[in-house]
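What follows is one structure encoded as structure tokens, with my remarks underneath.
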Amino acid sequence: MAPRVLHWFRTDLRLHDAPALVKGLELKPEAFFPVWAWDPYFNFDCPVGPNRYKFLLESMKELDGKLNKMGNKLHVFRAAPTDLFPVLLKQWKITHLVYERDPAPYAIERDESIKKIAQDANVEVVDIVGHTLYDTDAVVEKHKGEPLTSAQALKSAVKGMEIPRPPQAPKEVPKADDLHLDAIKKEVKHFKPEHDVNEEHRKGKMTAYDSVTGPKDSLEPPTLAELGYDEKEATTSIPGGEDEALRRLNNWMEDKDATATFRKPQTSPSEYDPPATTQLSPYIKFGALGVREFYWRVNDVMDEYDGETSSEPENLPGQLMFREMYFAAQLGVGKAYTQIRGNKICRVIDWKLCNAYDEDGEQIIPRPKGPKEDEEMLEKWKHGNTGFPFLDAAMRQLKQEGWMHHLARHCVAGFLTRGQLYISWERGAEVFDRYLVDRDPGSNAGNWMWLSCSCFFAQYFRNYGMTTFPAKYDKSGKLVRKYCPELKDFPDKFIYKPWEAPEDVQKKAGCIIGKDYPEPMVDEKAANKECMGKMKEQYAKKQYGDSLLKRKAK
DNA sequence: CCAACAGTTGAAACT
DNA sequence: CAGTTTCAACTGTTG
């Protein structure tokens with residue numbers, strides 16, 4: 001029987017460096033069906049703001065356009081994959097289901113179900129590594145099945161493993177044939193949400209799931225309006241799509257000095273136009289940029305470079321290695337990786353506003369509110385109203401652009417958790433999940449554990465100064481002047497600490513502290529001292545998240 | 001087993 | 001006075 005291939009796009013919205021796509025095409029299918037399942041899980045169980053949707057939709061649209069030129073299209077269905085695939089496989093007489101492997105816990109569980117469905121339908125599943133540089137399963141196996149928690153451990157584990165060169169982008173794809181949409185519409189279960197963690201974004205009516213095939217059987221992705229989101233709130237200036245990803249990559253690679261001598265800790269978090277880092281993370285997240293393409297392009301530039309190059313972990317390949325490490329940590333821990341409870345690598349600290357669980361150990365969604373005072377502190381942090389200009393600028397940039405420089409993420413994360421507010425990193429990760437365009441559960445939860453000294457990093461007495469840290473990179477307060485415009489006329493001297501400016505300076509700047517911009521919400525030094533004392537106590541317990549489960553079992 | 005060391009900082013004490 | 005060095009509430013990895 002001639003192969004009939006369903007290519008399931010998930011982490012690979014691209015044609016270049018697409019090993020799974022190439023593999024499917026090598027089967028020489030008589031019919032080829034590119035599919036995207038608009039999965040309710042990502043819409044109702046994961047926090048997601050308008051910017052990430054905008055970026056995703058642009059990336060999907062561009063890929064769809066490229067497939068159109070080759071006489072095909074990206075067929076978007078609005079259903080849970082487990083409801084959708086049994087029907088598609090049958091109606092389209094699929095012989096091979098092909099996809100790029102996704103090493104996140106939700107994806108693994110989902111794909112296991114899909115594999116069973118495929119097996120029952122006598123369909124061969126072809127899953128190919130491509131979202132990561134290394135095969136994450138192999139990395140964790142090499143580490144005796146344990147999660148990896150250091151760059152060094154990753155280095156040892158991947159010794160001898162090759163990173164393949166990316167394959168060429170296909171120039172043509174076979175056509176799909178009869179879609180049998182009427183039968184599909186009849187057979188696929190209609191989805192109704194039980195809960196919705198994104199209510200705060202849905203100002204309009206949510207019609208996205210009214211039909212499995214979309215309005216007029218268009219098989220288009222839902223618009224922001226269909227999701228009930230306000231399009232005006234999608235304010236990011238980072239455009240989605242593979243073309244833009246490659247344009248940005250090429251642009252960076254042309255600057256051989258910057259590429260070959262890149263040192264992350266020395267890049268300024270105050271630069272925003274353009275930023276001091278590559279800002280390629282959103283593209284990698286959705287697979288608009290192939291990570292192996294990025295890796296090899298950087299490597300080639302560094303190989304050919306005459307001068308002295310920077311080294312890991314500070315250089316560009318080193319950044320990608322952190323990503324690999326987080327994936328390998330996440331895979332080793334499993335579903336509990338994004339929370340404290342049940343997470344064996346995560347230190348238990350008596351943070352405020354931790355996740356809540358019912359008697360069966362299921363997380364209660366939405367989370368019941370904590371003490372009013374704590375919730376108010378979280379809100380101030382979330383919306384950039386803490387009274388610390390650099391922190392507020394960074395948080396407002398996050399909300400507006402869906403992106404923040406890595407070192408600014410350090411600064412705001414330190415403040416929320418071990419630095420000043422002593423609020424659980426779970427809350428911080430949730431806010432980042434909501435607003436980041438590049439949100440990836442492995443890297444995001446991983447970095448939050450790192451910054452809160454819950455795992456990966458332990459020197460809790462190394463703290464970020466809300467005024468000193470930004471000043472190290474930029475005395476002029478560029479980022480503050482851009483994202484906290486009410487402070488833009490303060491002199492440099494006071495830009496990170498306007499509350500210290502004398503009254504006449506505040507008047508001249510047209511901004512009275514406590515009226516036009518908030519007073520600092522805490523005494524930075526005093527709060528930090530208190531936090532460090534608590535961290536010392538909590539560290540002495542030497543307790544990890546898996547112990548919370550054991551106690552429960554008794 | 002132990003020692004050395006690295007780990008995306010800050011502040012104070014130094015040249 | 002600007003730039004550099006040192007130490008400070010620790011832990012995990014490596015040899």
Side-chain angles (χ1 to χ4, degrees), chain A residues 139 142-144 146-159 261-271 275-278 281 310-323 325-326 328-329 332-333 344-350 388 390-391 394 404-420 422 443-444 446-475 493 496-497 523-544:
Chain A
V139 173
K142 194 78 187 273
H143 200 243
K144 296 174 181 155
E146 290 298 314
L148 284 84
T149 58
S150 77
Q152 202 45 248
L154 179 83
K155 212 170 180 174
S156 311
V158 302
K159 209 170 205 162
T261 66
F262 182 90
R263 297 181 71 185
K264 186 64 156 273
Q266 293 185 9
T267 59
S268 168
S270 278
E271 296 299 322
T277 50
T278 67
S281 52
S310 51
S311 40
E312 287 181 24
E314 295 184 339
N315 62 14
L316 283 173
Q319 304 312 305
L320 292 176
M321 292 305 153
F322 275 124
R323 178 170 175 271
M325 177 188 79
Y326 286 136
V333 171
K344 66 166 150 183
I345 63 173
C346 182
R347 211 173 273 281
V348 174
I349 291 168
D350 61 345
F388 294 98
F390 183 75
L391 193 163
M404 193 196 288
H405 186 281
H406 186 72
L407 296 179
R409 299 186 197 194
H410 282 210
C411 192
V412 303
F415 183 88
L416 181 76
T417 58
R418 66 188 169 87
Q420 274 76 24
Y422 211 66
S443 303
N444 190 33
N447 276 315
W448 273 95
M449 284 189 265
W450 181 302
L451 270 310
S452 62
C453 287
S454 299
C455 182
F456 305 108
F457 183 74
Q459 288 180 270
Y460 56 81
F461 47 87
R462 288 190 175 180
N463 286 289
Y464 291 84
M466 294 305 120
T467 58
T468 51
F469 181 76
K472 210 160 61 180
Y473 296 94
D474 171 34
K475 300 255 184 285
K493 191 182 165 189
Y496 296 124
K497 40 182 178 180
D523 177 334
E524 184 189 352
K525 294 278 173 300
N528 182 239
K529 211 175 162 196
E530 206 183 317
C531 280
M532 276 202 284
K534 289 192 210 163
M535 289 298 287
K536 186 184 164 77
E537 271 172 39
Q538 296 296 309
Y539 256 63
K541 292 195 310 194
K542 296 186 189 299
Q543 193 190 359
Y544 291 83

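Values in this document were obtained by computation on a predicted structure and should not be read as measured data. Below, chain A is the first sequence line, B the second, and so on; all start at residue 1.
One atom, CE of A:Met321, and another, C1' of B:dT8, lie 18 Å apart when rounded to the nearest Å. Protein atom NZ of A:Lys472 is 16 Å distant from nucleotide atom C1' of C:dA2, rounded to whole Å. Counting to the nearest Å, the P atom of B:dG7 and the NZ atom of A:Lys155 are 10 Å from each other. Distance A:Phe457 CZ to B:dC5 C1': 15 Å, rounded to the nearest Å. Rounded to whole Å, atom P of B:dT9 lies 17 Å from atom CZ of A:Arg409. A:Leu451 places its CG atom 10 Å from the P atom of B:dT8, with the value rounded to the nearest Å. One can place CZ of A:Phe390 at 14 Å from P of B:dT9, the figure rounded to the nearest angstrom.
Across all strands shown, nothing is found opposite C:dC1 as a Watson-Crick or G-U wobble partner with both distances under 3.5 Å. When Watson-Crick and G-U wobble pairs are counted only if both distances are under 3.5 Å, B:dT8 pairs with no nucleotide at all.
Among the atoms of the strands shown, none is found under 4.0 Å from any heavy atom of A:Phe456. Across all strands, A:Lys525 comes closer than 4.0 Å only to sugar-phosphate atoms, never to a base (heavy-atom distances). A:Glu524 comes within 4.0 angstrom of no nucleic acid atom, judged by non-hydrogen atoms across all strands.
Between the side chains of A:Asn444 and A:Tyr326, not a single donor N or O lies within less than 3.5 Å of an accepting N or O. For the 3.5 Å distance criterion, the side chains of A:Gln152 and A:Lys155 fail to qualify, holding no donor opposite an acceptor.
For C:dA8, the base adopts the anti conformation, since its glycosidic angle falls more than 90 degrees from zero.
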Hey, what are the protein-to-nucleotides 4-13 of chain C N/O distances that come in under 3.5 Å?
from, atom 1, to, atom 2, distance (Å)
C:dG12, OP1, A:Tyr544, OH, 3.1

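A:Arg418 and A:Gln459 get closest at one heavy-atom pair: NH1-O, 4.0 Å.
Atom-to-atom distance recorded for A:Trp448:CH2 and A:Cys455:SG is 15.5 Å, nearest 0.5 angstrom. The CZ atom of A:Phe456 lies 11.5 Å from the CG atom of A:Leu451; values are rounded to the nearest 0.5 Å. Rounded to the nearest 0.5 Å, atoms OH (A:Tyr460) and CD (A:Gln538) are 10.5 Å apart.
A:Thr277 pairs with exactly one of A:Glu271, A:Lys264, A:Gln319 by the side-chain contact (heavy atoms from CB on, under 4.5 Å) rule, that one being A:Lys264.
Comparing C:dT5 with B:dA6, their P atoms are spaced 16 Å from each other, to the whole Å. The separation of C:dT14 from B:dT8, taken at their P atoms, amounts to 16 Å, rounded to a whole angstrom. C:dT11 sits 23 Å from B:dA11 when the P atoms are compared, rounded to a whole Å. For C:dT6 and B:dC5, the P atoms lie 15 Å apart once the distance is rounded to whole Å. Nucleotides C:dG12 and B:dG10 are separated by 23 Å at their P atoms, to the nearest Å.
Under a 3.5 Å cut-off, the side chain of A:Glu312 and the backbone N or O of A:Pro317 do not form any donor-acceptor pair.
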